[in-house]
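Structure first, commentary second.
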Number of protein chains: 2
Amino acid sequence: MPNRTSDIEQRATLKDIAERVGVHVSTVSRALNTETRSLVADELVQRILEAAEDLNYKPNRVALALRTRASMTVGVILPDIANATFPVLVHAIEATLATRKYSTLVAHAETGYPRKDTPLVDQLAARHIDGVILTTARRHHGIVDYCLKSSVPLVMVSRTEEDPRVSAVINDDIASMALAVRHVVELGHRRIAHLAGPADMSTGAARREGFIAAMREHKLEPSAIVRTKLYTREEGVLGAQEIFTIAPDTTAVITANDFLAVGCLDVIKASGRRCPDDVSVVGHNDMPLVDMIDPPLTTVRINYRQMGTEAALLMLRRLEDPTADAVMMTLRPKLVIRGSTGPAPR
Amino acid sequence: MPNRTSDIEQRATLKDIAERVGVHVSTVSRALNTETRSLVADELVQRILEAAEDLNYKPNRVALALRTRASMTVGVILPDIANATFPVLVHAIEATLATRKYSTLVAHAETGYPRKDTPLVDQLAARHIDGVILTTARRHHGIVDYCLKSSVPLVMVSRTEEDPRVSAVINDDIASMALAVRHVVELGHRRIAHLAGPADMSTGAARREGFIAAMREHKLEPSAIVRTKLYTREEGVLGAQEIFTIAPDTTAVITANDFLAVGCLDVIKASGRRCPDDVSVVGHNDMPLVDMIDPPLTTVRINYRQMGTEAALLMLRRLEDPTADAVMMTLRPKLVIRGSTGPAPR
DNA sequence: TCAGCTGCTACAAACGTTTGCAATACGAAT
DNA sequence: ATTCGTATTGCAAACGTTTGTAGCAGCTGA
């Protein structure tokens, strides 16, 4: 047996093709590139294409990135905490970027807010990232500054930015809350509370406003509005406890997130109430498995697959035409009625 | 206001430092590199370091990749179907790779088995990926051949390979099943069935064997063993139906996966039985939210965070010392007892 | 005094592309 | 016969690094 590395398949380069055809490498480059193919004689193009096929030539993206400063990769920044909705989001992003030969580099936002030296930014810059998709709902972020400053295309998901240069795809949180409120109102509820998300996440703020607006629409006064610090079950427990001490007569609580809803169910159960007989709960996002909990959660569904696809398409649009305007795309949410909501008691 | 692109921060290069210090770029390179720093005069090293600091120099990774053929990126191949366990896995991988300046490129395995032209392999090769972490349990895969052939370090998670050149971190599926079986046996169950995973996934096969071994240990005969085609709730329903037609007197079913367990609960409910009064169910993986379903699922927990970390460490080990042997690391599972298991009826 | 070593630095090639420019050849137009 | 496009190809520089080799001091030792 020969030594271990002897059988490495050496990838063919432009030079290999050039030698085989007996022509200069620049000619090969032009022949292979559809943009410049017209510059070389037809018959020669044929021979070069055949040789490329023979040698199974695949362009070296690293060299290409160095020369053209376009790395054909986009960075996807994920939140520092794992969230069940991200597999499908990332999958959708990666899949649609791959259709145009872009690769997906993932990174997680730094944990904690402390400014840190944002090595993440440097990392992205050092790799000549062509674009960034930000999926962290958390508000201020060094990445944004970096992208704006060096005019790297930026797309945000589930989050907006004032700057007109950034594209975004977001859920229509106003519509979400309108759906949720209308649903419980139609069930006869009048004492309705909101378990809101963190104020420093745009979804938290937007849904809170949406809730208030929807209540006003129905000429109702919220029985309570409580803010949480994180989208977690534990925070949901804390928040729900507060709601039921502030307004014990609440019969419906609309939450900003399924985790919060689950925490809410915990305290409902613990306090001897029953859901949905005594109090109804509606969640938000329709995360996997919330249809299996007890009771199955009524929630507002966000189509994360579509969200990922749209975000990637927005990115591709800007990458392939840098003059393209940034746009904001808002997706329509959908109410999914399950077992956690029912007629108001009495 | 000047034109829009005028204020792009031009990144400093070695040449910039060289000019400022009045020295050749190769000297700067050596001074900045700890390996070769001893070759340049101490006083000069100081001045160069200061200049680098001043100019906020960050090495250009793509140039580096071109020159050294090491891209400082590892590819992570995810399964084509989204799975709730992957956010934490990917997060752990990315975080530990990042500590050594490696980036994480994600890609999804091609959908469906048909051989396809494996553009994924080409994509990875074209980017000079330094290593690959495979998280798809599905058995044969072009990536494996590619990595072996071009001696790209390969680490598998939740999956083994015969070839001694690949490292792996896996769950101890034999131990998992031993825990699960012992638990229900101690509860008095004797008619125990196994709802097995797909045969073409190593977890499916391994857990099935583990179940059989564990049953033999207790000198019990399985009441039924049914294979599913996919780890989905729907397949779980189908499989569970089959179990209860083959062996209606089954009082405990041990599943290879939480989704299957949920499907199993569906048919138990639908058939008028109750869980855990009539039949107990134990899942596998401890996915998020399975503690919230009705009844809360007893399951075997896999520590995915640890799995991701270990996989990344294995990868780093091989990247930083190519002569390092491939190793297999098996993690100990843990039984989490909740509400879906109870004493055997009668 | 000079060969030879040592310590330091510069030069240049290389990694695999793209691309502006020059060079050649050919036919057409003057 | 000269000039001039036009079509095709080659040359070389460039992207930002690393690294083998060469050069040049100054020093040591005979």
Side-chain angles (χ1 to χ4, degrees), chain A residues 8-48 51-52 55-73 101 122 125-130, chain B residues 8-48 51-52 55-73 101 122 125-130:
Chain A
I8 294 186
E9 266 187 63
Q10 199 58 40
R11 289 179 72 81
T13 73
L14 286 188
K15 185 151 55 147
D16 297 328
I17 302 181
E19 277 167 10
R20 172 186 279 226
V21 180
V23 89
H24 194 263
V25 33
S26 64
T27 308
V28 178
S29 171
R30 282 187 257 260
L32 259 27
N33 204 322
T34 48
E35 307 276 314
T36 50
R37 184 167 295 165
S38 59
L39 294 176
V40 12
D42 291 350
E43 184 264 354
L44 188 49
V45 167
Q46 274 317 315
R47 280 168 48 217
I48 290 176
L55 297 173
N56 189 28
Y57 170 77
K58 296 281 156 31
N60 181 328
R61 296 212 170 280
V62 176
L64 204 154
L66 179 58
R67 171 68 219 223
T68 65
R69 338 187 65 79
S71 61
M72 299 296 283
T73 47
K101 305 267 183 236
D122 286 331
R127 290 183 185 267
H128 285 178
I129 288 292
D130 293 333
Chain B
I8 294 186
E9 265 186 65
Q10 200 57 41
R11 291 179 70 82
T13 73
L14 286 187
K15 185 152 55 148
D16 297 329
I17 302 181
E19 277 167 10
R20 171 185 279 227
V21 181
V23 87
H24 194 264
V25 31
S26 63
T27 308
V28 177
S29 171
R30 284 188 252 261
L32 259 26
N33 203 323
T34 48
E35 307 275 315
T36 50
R37 183 169 295 166
S38 58
L39 294 176
V40 10
D42 290 351
E43 184 265 354
L44 188 50
V45 167
Q46 275 316 316
R47 282 169 46 218
I48 289 177
L55 297 173
N56 189 27
Y57 171 77
K58 296 281 154 33
N60 181 327
R61 293 210 172 282
V62 336
L64 204 154
L66 179 58
R67 171 67 220 222
T68 66
R69 338 187 65 80
S71 60
M72 297 297 282
T73 46
K101 306 267 182 235
D122 286 331
R127 292 185 183 266
H128 286 178
I129 289 293
D130 292 333

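Just so it is clear: chains get the letters A, B, ... in the order the sequence lines come, proteins before strands, and each one is counted from 1. For clarity, every value in this text was computed on a predicted model and none was experimentally measured.
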Point to revise | Contact letters for nucleotides 19-27 of chain D, in which S counts primed atoms plus P, OP1 and OP2 and B counts the base, heavy atoms under 4.0 Å | key: BB-------
Exercise for review: Would you classify Val62(B) as touching base, sugar-phosphate or nothing, given that sugar-phosphate means primed atoms plus P, OP1 and OP2, and contacts are heavy atoms under 4.0 Å?
Suggested key: nothing
Check your understanding: Is the backbone of Ala63(B) close enough, under 3.5 Å, to the side chain of Asn60(B) for a donor and an acceptor to pair up by distance?
Key -> yes
Practice item. With DNA chain C as reference, determine whether Glu43(B) or His128(B) sits nearer its 5' end, using the nearest nucleotide of each. Key: Glu43(B)
Check your understanding: Which comes earlier along DNA chain C counting from the 5' end, the contact point of Ala63(B) or that of Ser38(B), where each point is its nearest nucleotide?
Key -> Ser38(B)
Check your understanding: Would a distance-only check, ignoring hydrogens and angles, find a side-chain to backbone donor-acceptor pair under 3.5 Å from Arg30(B) to Arg37(B)?
Key -> no
**Study point:** Whole angstrom value for the distance that separates P of dT17(C) from CD of Glu35(A)
**Key:** 18 Å
Practice item. Nearest whole angstrom, please: distance from the P of dG16(C) to the CG of Asp16(A). Key: 8 Å
Point to revise | Sugar-phosphate, base or nothing in reach of Leu39(B), heavy atoms under 4.0 Å | key: base
**Study point:** Residues that Arg20(B) engages under salt bridge (charged side-chain N to carboxylate O under 4.0 Å, His left out), provided they are two or more places apart
**Key:** Asp54(B)
Check your understanding: Given atom CG of Leu64(A) and atom P of dC15(C), what is their separation to the nearest angstrom?
Key -> 17 Å
Check your understanding: Roughly how many Å is it from CG in Leu14(B) to P in dT18(D), rounded to a whole number?
Key -> 6 Å
Review point. Nearest of dT17(D), dT9(D), dT17(C) to any side-chain atom of Asn60(A)?
Key: dT17(C)
**Study point:** Results of side chain to side chain donor-acceptor pair (under 3.5 Å) for Arg127(A) - residues two or more places apart only
**Key:** Ser103(B)
Practice item. Take the protein atom NZ of Lys15(A) and the nucleotide atom P of dC11(D), then report the distance between them rounded to whole Å. Key: 14 Å
Study note, to complete from the structure: Whole-Å distance, Arg37(B) CZ to dG7(C) C1', equals 18 Å
Revision key, fill the gap. Sorted by chain and number, sequence neighbours left out, salt bridge (charged side-chain N to carboxylate O under 4.0 Å, His left out) with Glu43(B) holds for Arg47(B)
Review point. Between Leu44(A) (CG) and dT8(D) (P), how many Å, whole number?
Key: 10 Å
Study note, to complete from the structure: Arg11(A) CZ to dC15(C) C1', in whole Å, measures 14 Å
Exercise for review: Can you sort out the partners of Thr73(B) under side chain to side chain donor-acceptor pair (under 3.5 Å), two or more places apart, ordered by chain and number?
Suggested key: Ser71(B)
Check your understanding: Taking only residues two or more places apart in sequence or in another chain, which ones pass salt bridge (charged side-chain N to carboxylate O under 4.0 Å, His left out) with Lys15(B)?
Key -> none
